[in-house]
Engineer: 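Take a look at the following structure, please.
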Amino acid sequence: MLPSSSETIAETRAAVASARSAGKRIGFVPTMGALHAGHASLIRAARLDSDFTVVSIFVNPTQFGPNEDFTRYPRTLAADRELCGAVGTDLIFSPTVPEMYPPTSRTIVEVPALQDVLCGRARPGHFRGVATVVLKLLEIVRPDVAVFGQKDAQQALVIRRMVADLNVPVTIRVHPTVRESDGLAMSSRNRYLDPTQRLHATCLHRALVAAENLVANGERSIVALQSTLAGIIQGTPGAQLDYAEIRDADTLDVMTALDRPALVALAVYFGSTRLIDNTLLNF
Ligand code: AMP
């Protein structure tokens with residue numbers, strides 16, 4: 001069965017209010033659509049922890065830079081509805097841009113430091129756009145629990161920080177990355193890759209696994225690990241390294257020694273397509 005859907009904030013608030021007054025716990029998964037099995041697993045996780053699951057589908061213009069892929073970002077609403085129905089979504093919220101950003105809107109949310117490193121360097125303003133839209137969506141849906149993917153580790157950290165700092169009454173869950181059978185992290189942007197790029201795009205996962213193996217065998221030098229990561233990417237045809245970094249898993253601070261939980265994060269271009277992936281090292 002296809003889920004109900006709403007394009008307006010008022011209708012969404014009314015549907016959620018009626019579920020809540022029936023005693024239901026509200027789960028929420030924000031997305032930009034072009035849904036795949038990674039999104040599906042987030043929706044299933046939200047369902048397990050709630051009685052009424054809302055999925056938002058909104059390609060948020062404010063998180064795209066001027067030369068990024070906002071206009072060509074895949075929009076597949078009919079297929080997205082089917083997927084949402086198959087995994088048991090109760091309500092899809094797919095607002096228009098003016099519904100979310102009327103011409104009078106001015107307020108933005110910034111999460112300094114966390115937003116400036118890693119992906120924030122190549123994508124200035126990206127995390128401001130993400131934090132602002134996610135806060136708006138949380139205010140519209142008012143969920144008990146919201147589920148995000150570890151695939152976008154920096155995004156999850158920015159949102160956790162924002163929710164804690166602004167006392168937003170929601171539990172944030174971060175769900176593991178869902179991968180293709182050859183290890184490539186699922187992403188709506190994978191469909192931009194031509195067959196050769198798609199083949200070589202496994203280098204991100206291979207690099208992360210190589211780093212994990214080195215650490216399992218006792219390697220503790222951040223410099224050595226980062227150079228292994230970079231070497232694997234730079235040795236892959238068509239791949240251009242944006243960054244390969246190991247940082248504190250909570251603060252994203254630079255680490256001098258591998259003495260606490262760390263995030264290994266990669267961003268790699270194939271042509272104009274930018275892919276990211278990461279893994280956590282726990283001690
Ligand atoms: P997006 O539609 O790309 O903005 O992603 C919406 C949510 O799905 C975000 O919380 C992402 O981190 C999450 N997500 C995207 N790809 C994956 C994946 N392969 N595995 C798990 N979560 C994912």
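These figures come from a predicted structure and were not determined experimentally. Every heavy atom of this structure was used, including side-chain atoms; hydrogens, water molecules and symmetry mates were not.
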Engineer: Salt bridge check, Arg247 against Asp253: does any charged N sit closer than 4.0 Å to a carboxylate O?
Structural biologist: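 Answer for the salt bridge query: no.
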Engineer: Does the side chain of Met100 come within less than 4.5 Å of Leu137's, by heavy atoms?
Structural biologist: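 They are in side-chain contact.
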Engineer: Going by an N to O cut-off under 4.0 Å, is there a salt bridge joining Asp144 and Arg20?
Structural biologist: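 Counted as a salt bridge, because a side-chain N and a carboxylate O are separated by less than 4.0 Å.
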Engineer: Would you list the pairs meeting ring pair (Phe, Tyr, Trp, His ring centres under 6.0 Å) in which at least one residue belongs to residues 228-273, sequence neighbours left out?
Structural biologist: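 Matches after skipping sequence neighbours: none remain.
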Engineer: How far does CG of Leu281 sit from CZ of Arg260, to the nearest 0.5 angstrom?
Structural biologist: 12.5 Å
Engineer: Is Asp69 paired with Arg189 through a side-chain N to carboxylate O contact shorter than 4.0 Å?
Structural biologist: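 Answer for the salt bridge query: yes.
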Engineer: Check ring-ring contact (aromatic ring centres under 6.0 Å, His included) between Phe70 and all other residues, then give those that pass, not counting sequence neighbours.
Structural biologist: Phe64
Engineer: Please tell me if the side chains of Arg191 and Pro74 come closer than 4.5 Å, counting only heavy atoms from C-beta onward.
Structural biologist: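 Yes - at least one pair of side-chain heavy atoms lies under 4.5 Å apart.
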Engineer: Just wondering, do Leu138 and Phe28 contact through their side chains at under 4.5 Å, heavy atoms?
Structural biologist: yes
Engineer: Quick one: does Phe148's side chain get under 4.5 Å of His175's, heavy atoms only?
Structural biologist: no
Engineer: Could you tell me whether Asp242 and Arg274 have a side-chain N and a carboxylate O separated by less than 4.0 Å?
Structural biologist: yes
Engineer: Are Leu42 and Ile276 grouped together when hydrophobic residues (ILVMFWY) are joined by side-chain heavy atoms under 4.5 angstrom apart?
Structural biologist: no
Engineer: Please say yes or no: joined through hydrophobic side-chain contacts below 4.5 Å, possibly via intermediate residues, are Val168 and Leu114 part of one cluster?
Structural biologist: yes
Engineer: Under the ring-ring contact (aromatic ring centres under 6.0 Å, His included) test, which residues partner Tyr192, sequence neighbours left out?
Structural biologist: none
Engineer: Would you call Arg173 and Asp49 a salt bridge, taking side-chain N to carboxylate O under 4.0 Å as the test?
Structural biologist: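 So Arg173 pairs with Asp49 through a salt bridge.
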Engineer: Have a look at Thr89 and tell me which of Leu2, Ile43, Val29 forms a side chain to side chain contact (heavy atoms under 4.5 Å, CB included) with it.
Structural biologist: Ile43
Engineer: Using a strict 4.0 Å threshold on nitrogen-to-oxygen distance, state whether Glu139 and Arg13 make a salt bridge.
Structural biologist: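 Salt bridge flag = no for Arg13 with Glu139.
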Engineer: Is there a side-chain contact between Arg121 and Asp116 in this structure, where contact means two heavy atoms from C-beta onward sitting under 4.5 Å apart?
Structural biologist: no
Engineer: Who passes side chain to side chain donor-acceptor pair (under 3.5 Å) against Arg47, sequence neighbours left out?
Structural biologist: none
Engineer: Show your working on side chain to side chain donor-acceptor pair (under 3.5 Å) between Tyr73 and Asn60 and close with a plain yes or no.
Structural biologist: CA-CA 10 Å; Tyr73 195 84; Asn60 174 37; over 6 Å; no
Engineer: Tell me whether Asp277 is salt-bridged to Arg179, with the criterion being a basic N under 4.0 Å from an acidic carboxylate O.
Structural biologist: yes
Engineer: Same cluster or not: are Val109 and Ile159 linked, directly or through other Ile, Leu, Val, Met, Phe, Trp or Tyr residues, by side-chain heavy atoms under 4.5 angstrom apart?
Structural biologist: yes
Engineer: ring-ring contact (aromatic ring centres under 6.0 Å, His included) with His36: which residues, sequence neighbours excluded?
Structural biologist: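 Testing His36 for ring-ring contact (aromatic ring centres under 6.0 Å, His included), a comparison that skips the adjacent residues, returns His39.
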Engineer: What side-chain hydrogen bond (donor to acceptor under 3.5 Å, both in side chains) pairs are there with at least one residue in residues 208-231, not counting sequence neighbours?
Structural biologist: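 side-chain hydrogen bond (donor to acceptor under 3.5 Å, both in side chains) check on residues 208-231 returns Glu212-Thr279.
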Engineer: Is it possible for you to say whether Leu83 and Ile57 belong to one hydrophobic cluster, with membership spreading through side-chain heavy-atom contacts below 4.5 Å?
Structural biologist: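 The answer is yes; both residues are in one hydrophobic cluster.
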Engineer: Side-chain contact test, heavy atoms from C-beta onward, threshold under 4.5 Å: evaluate it for Val254 versus Asp248 and give yes or no.
Structural biologist: no
Engineer: Just wondering, do Val133 and Phe58 contact through their side chains at under 4.5 Å, heavy atoms?
Structural biologist: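 They are in side-chain contact.
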